[in-house]
Colleague: 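Pasting in a structure now, in structure tokens, and then I'll have a few things to ask.
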Number of protein chains: 2
Amino acid sequence: MIYDVYSEACPTRLVLDRLADKWVLLVLGRLTEGPMRFNHLRREIEGVSQKVLSQTLKRLERDGLVTRQAFPTVPVTVEYAITPLGRTLSETAQALARWAETNIEAVMAAQAAYDAQAGGQTSRATT
Amino acid sequence: MIYDVYSEACPTRLVLDRLADKWVLLVLGRLTEGPMRFNHLRREIEGVSQKVLSQTLKRLERDGLVTRQAFPTVPVTVEYAITPLGRTLSETAQALARWAETNIEAVMAAQAAYDAQAGGQTSRATT
DNA sequence: CTGTATCCAAAATGATACTG
DNA sequence: CAGTATCATTTTGGATACAG
């Protein structure tokens, strides 16, 4: 069955909302390189707080995109890994990251142009 | 020059943050089909408020992803269209929407499994 | 180390009203 | 029609402290 993303009640929206998370793409991207422990992940991705990373990982686990494995060491060690499903998503998602890397300059140029024009826009009138 | 998305200061993050917007993908997707007026867009995409759609469009315009053209009719008519740059992004982004549509069932199944297991998890102990 | 719980500040959103 | 402005509310996030 195919759902329509433009419909409000569509469950696909839920997935899209999930993807619409600053960190999901980055986490998934990192995990494609191999399993990683919590704090390692935290250090790799600059800017995530412990709280948010924790939440993100839990959601991803619930969605079946990553797995969480705890080793009964002291102190405990936890390894996160991407699932096959997660990997298919990540591949798609990485295309976005690549787009961003490739077109960042065009976007920044557009912003500069827009801002310059908007700046002089404040009706100075004819005098 | 290539930036590293994982670095906090990286400008690419800004783009990624932009994409990490619930509505951007949907708006862009709709505009690939042709220019569209404000309220039409609003009706097409269920769930957006006027305010949020307005903000979204303004950001997209600033980023050079869509153009805004006002016709001096009464009342005024405004048409939004996607730019070539926006189109390249949209193509990439649509892959995500397709992924969501394709894999929504797998994700929902994973969620159900996770929830079921988490539910019985509340230590009932041995007794 | 890997989290959860709590409190608080900041940001996003909805509803409403009003303008060109 | 196409917005902007404002306010109240909800969400979200960071900082901190603490537990297994």
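Chain letters run A, B, ... following the sequence lines, proteins first, then strands; residues in each count from 1. Hydrogens, waters and symmetry mates are skipped; everything else that's a heavy atom, side chains included, is used.
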Colleague: Should B:I82 and B:V27 count as side-chain neighbours, where that means a heavy-atom distance under 4.5 Å?
Modeller: no
Colleague: Ignoring backbone atoms, establish whether A:Y80 has a side-chain N or O less than 4.0 Å from OP1 or OP2 of C:dG3.
Modeller: yes
Colleague: Using a 4.0 Å heavy-atom cut-off to protein, can you give one letter per nucleotide of nucleotides 13-20 of chain D, 5' to 3': B if the base is in contact, S if only the sugar-phosphate is, - if neither?
Modeller: BBB-B--B
Colleague: Strictly below 4.0 Å: does B:K22 bring a side-chain N or O up to OP1 or OP2 of C:dT13?
Modeller: no
Colleague: Let's go through B:M36 and B:L31 carefully: what are the C-alpha distance in whole Å and the side-chain angles of both, what is the deciding distance for side chain to side chain contact (heavy atoms under 4.5 Å, CB included) to 0.1 Å, and is it a yes or a no?
Modeller: CA-CA 7 Å; B:M36 199 172 282; B:L31 290 181; 3.8 Å; yes
Colleague: Considering just the side-chain nitrogens and oxygens of A:S54, establish if one lies under 4.0 Å of OP1 or OP2 belonging to C:dT4.
Modeller: yes
Colleague: Is the backbone of B:L65 close enough, under 3.5 Å, to the side chain of B:D63 for a donor and an acceptor to pair up by distance?
Modeller: no
Colleague: May I have the distance from B:L53 (atom CG) to D:dA2 (atom C1'), rounded to whole angstrom?
Modeller: 10 Å
Colleague: Residues from residues 34-45 of chain B sitting under 4.0 Å of DNA chain C, heavy atoms only?
Modeller: none
Colleague: Is A:R30 salt-bridged to A:E44, going by a charged N under 4.0 Å from an acidic O?
Modeller: yes
Colleague: Side chain of B:S54, backbone of B:Q50: donor and acceptor closer than 3.5 Å?
Modeller: no
Colleague: Could you walk me through whether A:N103 and B:L89 pass the side chain to side chain contact (heavy atoms under 4.5 Å, CB included) check?
Modeller: CA-CA 9 Å; A:N103 298 96; B:L89 171 56; over 6 Å; no
Colleague: Using OP1 and OP2 only, check whether a side-chain N or O of A:R68 sits under 4.0 Å from C:dT2.
Modeller: no
Colleague: Would you mind reading off the distance between B:L60 atom CG and D:dG3 atom P, rounded to a whole angstrom?
Modeller: 13 Å
Colleague: I would like to know whether A:E91 and A:Q94 meet side chain to side chain contact (heavy atoms under 4.5 Å, CB included); could you show each step before the answer?
Modeller: CA-CA 5 Å; A:E91 280 163 17; A:Q94 290 311 303; 6.0 Å; no
Colleague: So how far is it from A:R98 CZ to B:T92 OG1, rounded to the nearest 0.5 Å?
Modeller: 9.0 Å
